[in-house]
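Notes follow once the structure below has been shown.
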Amino acid sequence: EPTETNASFMARILGPSANKAGLQSTDKAMITRVIYEASKGTPFFENERRKDQALCGRIERLLEKRKQLEGRDLTHIRKLVDMDWRQLEAERDLSQTIVHVDMDAFYAAVEELDNPELKTKPMAVGVGAMDDGRKYGIRSAMPGYIAKKLCPELIILPLNGAKYKHGARAVVACALTCPSTPAYLNITNYMKETGMTAEQVTQQIRQEIRMLTNAYQTSGQSKHQICSDINKPNGQYMLANDRDTIMAFVRDMPIRRLNGIGRVTEQLLNALGVHTGNDMHEQRVILKLLLSPKSFEFISRAALGLGRTDLSIQYDRKSISVERTFRNMSDVQQQMDMLDKIATKLAANLERKEIKGATITLKLKRSDFTVLSRSRSLAQCIFTADDLYFYGKQLLVEEQPIDIRLMGLRLSSLQDMRSK
DNA sequence: GCGGATCAC
DNA sequence: AATGGTGATCCGC
């Protein structure tokens with residue numbers, strides 16, 4: 001019975017989009033039940049329960065810490081925080097216009113274009129990477145067999161990496177007209193040069209994506225244009241570059257929608273009575289005392305509606321990794337063979353990217369879903385499959401005996417292949 | 001530097 | 001019977 005568990009655990013099982021979907025409460029109860037019944041007793045489920053208990057412990061300790069602060073005079077802290085926030089306010093930059101391009105259910109959209117009949121049917125792509133079928137309670141990262149229980153007529157298509165790359169390239173090519181990451185485009189200069197409004201520019205971005213994908217169509221690489229329904233929900237929102245508008249926007253924003261606040265942090269903050277941007281304001285003194293400096297800085301910026309306005313900061317890779325999930329494996333020889341495969345794959349990726357690295361990390365997931373990592377920093381950079389295998393093996397031997405369902409190798413402390 | 005956790009996509 | 005892969009960052013030690 002679900003009653004044996006608490007609310008935060010059910011939220012964990014129900015998944016990240018449970019509250020975003022706008023479901024009826026009766027549907028929600030039914031969906032919860034189906035997911036619970038299908039998961040109950042599995043190692044995955046038990047691991048989720050462990051993780052939830054750890055979270056409850058963290059919350060308890062946090063509340064205990066808060067209790068210690070009761071009755072104290074915190075006016076000094078309040079003054080510090082307010083000074084801090086005035087400083088942040090002074091640095092607010094309203095001069096930039098930035099477009100966030102988000103391809104919702106991208107894989108599914110590509111598949112629908114290849115097969116329009118799918119548009120009227122419940123459909124998902126991949127098992128691990130499933131696009132949301134919200135009204136059925138199906139969510140991202142839900143295993144296929146549970147999704148089928150929620151919606152027996154669901155069509156699950158295998159992942160087709162090559163096919164989606166064409167679509168992705170079109171978006172990237174489009175983004176290259178502005179100097180920034182694919183997801184966020186700074187269109188300030190473009191607007192100045194062309195005299196266009198933000199709405200007109202986003203309209204043009206949509207148009208360009210359509211044209212580029214038509215080019216793929218004529219070259220025979222894709223039968224249909226991609227993202228033709230990008231306007232369908234037309235999820236376009238213009239936030240004016242105006243302090244009052246931004247503050248009002250942030251004020252009622254549920255914290256979970258902030259980039260960087262996930263399931264765990266949401267629960268932690270909710271326990272402290274923080275659900276919206278406005279709550280961050282009201283609780284700022286206690287948050288300053290309870291959270292780490294970095295976390296509080298994040299909260300401060302979010303509460304004031306301060307995003308990043310400089311998108312020119314260049315991206316440099318810090319690590320590169322390969323990991324694989326497989327049937328539970330306890331045989332050492334089999335594990336060594338798997339390590340060999342992963343080392344070979346990683347070496348190939350390193351060669352393609354022309355990088356090498358000096359820190360190797362072995363990641364293992366036990367058959368009970370607990371995860372561990374073991375790493376070693378070397379005096380020199382390595383990059384060959386032989387070296388990756390050699391040092392990976394040393395780390396793997398140390399953990400024997402062990403029954404695992406996942407193995408990964410990561411290389412960090414990276415350098416360009418040519419540098420010494 | 002290491003290991004565990006969290007997060008995004 | 002059955003719950004992904006890649007990369008980043010933060011925290012506490």
Side-chain angles (χ1 to χ4, degrees), chain A residues 12-13 15-17 35 38-48 50-52 54-55 57-58 100-107 124-132 138-149 156 158-159 161 164 168 181-184 255-269 291-298 315-328 342 345-346 349 353 355 357-365 367-379 395 399 405-414:
Chain A
R12 184 183 283 266
I13 288 295
S17 54
I35 296 176
S39 306
K40 192 170 58 172
T42 62
F44 174 81
F45 188 92
E46 290 311 312
N47 189 242
E48 291 298 296
R50 275 193 295 272
K51 285 200 286 190
D52 190 61
L55 174 56
R58 270 180 77 183
H100 177 214
V101 184
D102 186 8
M103 306 291 284
D104 195 29
F106 179 67
Y107 291 176
V125 181
V127 175
M130 186 170 297
D131 291 295
D132 285 19
I138 296 167
R139 56 174 166 79
S140 173
M142 178 182 280
Y145 79 100
I146 292 183
K148 282 264 192 187
K149 282 191 181 179
I156 299 181
L159 282 168
Y164 313 130
T181 68
Y184 293 93
I255 53 168
R256 182 63 171 86
R257 295 188 45 192
L258 295 167
N259 196 303
I261 296 201
R263 258 184 345 194
V264 172
T265 313
E266 179 189 30
Q267 299 270 347
L268 280 171
L269 290 176
L291 303 181
S292 69
K294 285 281 182 191
S295 300
F296 186 70
E297 190 194 336
F298 176 86
Y315 164 79
D316 61 322
R317 176 191 288 276
K318 308 249 182 331
S319 76
I320 183 166
S321 64
V322 171
E323 67 185 56
R324 290 288 174 267
T325 295
F326 38 78
R327 306 184 95 91
N328 291 349
I342 290 171
K345 173 83 176 140
L346 181 55
N349 294 350
K353 302 256 189 306
I355 47 176
T359 301
I360 184 169
T361 304
L362 176 74
K363 175 179 170 183
L364 300 173
K365 190 187 279 178
S367 49
D368 68 0
F369 284 85
T370 55
V371 176
L372 67 92
S373 66
R374 297 288 178 262
S375 71
R376 184 174 163 192
S377 295
L378 308 166
L395 297 169
E399 302 308 314
R405 55 170 290 116
L406 172 145
M407 183 186 296
L409 268 186
R410 178 165 76 252
L411 204 60
S412 48
S413 310
L414 300 179

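Below, read A as the first sequence line, B as the second, and so on, with proteins coming before strands; counting in each chain starts at 1.
Two residues are said to be in side-chain contact when any heavy atoms from C-beta on lie closer than 4.5 Å; A:Glu323 and A:Leu406 meet this criterion. Between A:Leu362 and A:Met407, some side-chain heavy-atom pair lies under the 4.5 Å cut-off.
Summarising the local packing, NZ of A:Lys345 is surrounded by 12 or fewer heavy atoms from other residues, nucleotides or ligands at distances under 6.0 Å. Under a cut-off of 6.0 angstrom, the local environment of NZ in A:Lys294 is sparse, with at most 12 non-hydrogen atoms contributed by other residues, nucleotides or ligands.
Ranking C:dG5, B:dG4, B:dC2 by closeness to the A:Ser375 side chain, first place goes to B:dC2. Looking at the side chain of A:Thr359, the nearest of the listed nucleotides C:dT3, B:dC2, B:dT6 is B:dC2.
A sub-4.0 Å separation between OP1 or OP2 of C:dG5 and a side-chain N or O of A:Thr325 is present. Taking 4.0 angstrom as the limit, A:Arg50 places none of its side-chain polar atoms (N or O) nearer than this to OP1 or OP2 of B:dA5. Between A:Asn328 and C:dA1 there is no side-chain polar atom (N or O) within less than 4.0 angstrom of OP1 or OP2. For C:dT3, the OP1/OP2 oxygens have a side-chain nitrogen or oxygen of A:Arg405 closer than 4.0 Å.
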Inset, instruction - Between protein and nucleotides 6-13 of chain C, map the contacts as a letter string: B base, S sugar-phosphate only, - none, heavy atoms under 4.0 Å, written 5' to 3'. - result: BSSSSS--
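Nucleotide B:dT6 holds its P atom 9 Å from the CZ atom of A:Arg263, rounded to whole Å. As rounded to whole Å, 18 Å separates atom P of C:dA2 from atom CD1 of A:Ile35. The interatomic distance linking A:Glu266 (CD) with B:dA5 (C1') rounds to 17 Å, in whole Å. Separating the CD1 atom of A:Ile156 from the C1' atom of C:dG4 is a distance of 14 Å, rounded to the nearest angstrom. The separation between A:Leu372 atom CG and B:dA5 atom P is 10 Å, rounded to whole Å. Regarding A:Glu399, its CD atom lies at a distance of 14 Å from the C1' atom of B:dG4, rounded to whole Å. One interatomic measurement links the two molecules: CD1 of A:Ile360 to P of B:dG3, which rounds to 13 Å at whole-angstrom precision. One atom, CG of A:Leu55, and another, P of B:dG4, lie 19 Å apart when rounded to the nearest Å.
If you take atom P in B:dA8 and the same atom in C:dT3, they sit 24 Å apart, rounded to whole Å.
Nearest-nucleotide mapping onto DNA chain B: of A:Val264 and A:Ser377, the residue sitting toward the 5' end is A:Ser377. Nearer to the 5' terminus of DNA chain B, by closest-nucleotide assignment, is the contact made by A:Leu378 (compared with the other of A:Lys51 and A:Leu378).
If you take CZ on A:Arg263 and CG on A:Asp52, they are separated by 9.0 Å, rounding to the nearest 0.5 Å. Considering CZ of A:Arg376 and CD1 of A:Ile360, their distance stands at 9.5 Å, rounded to 0.5 Å.
For A:Ser39 against C:dT3, a side-chain-to-base donor-acceptor contact under 3.5 Å is present.
Of all heavy-atom pairs spanning A:Gly357 and A:Leu414, the tightest one is CA-CD2, 3.9 Å.
Using a 4.0 Å heavy-atom distance criterion, A:Arg327 is classed as making no nucleic acid contact.
Counted by atom type alone, A:Thr42 and A:Ser39 present zero donor-acceptor pairs between their side chains at under 3.5 Å.
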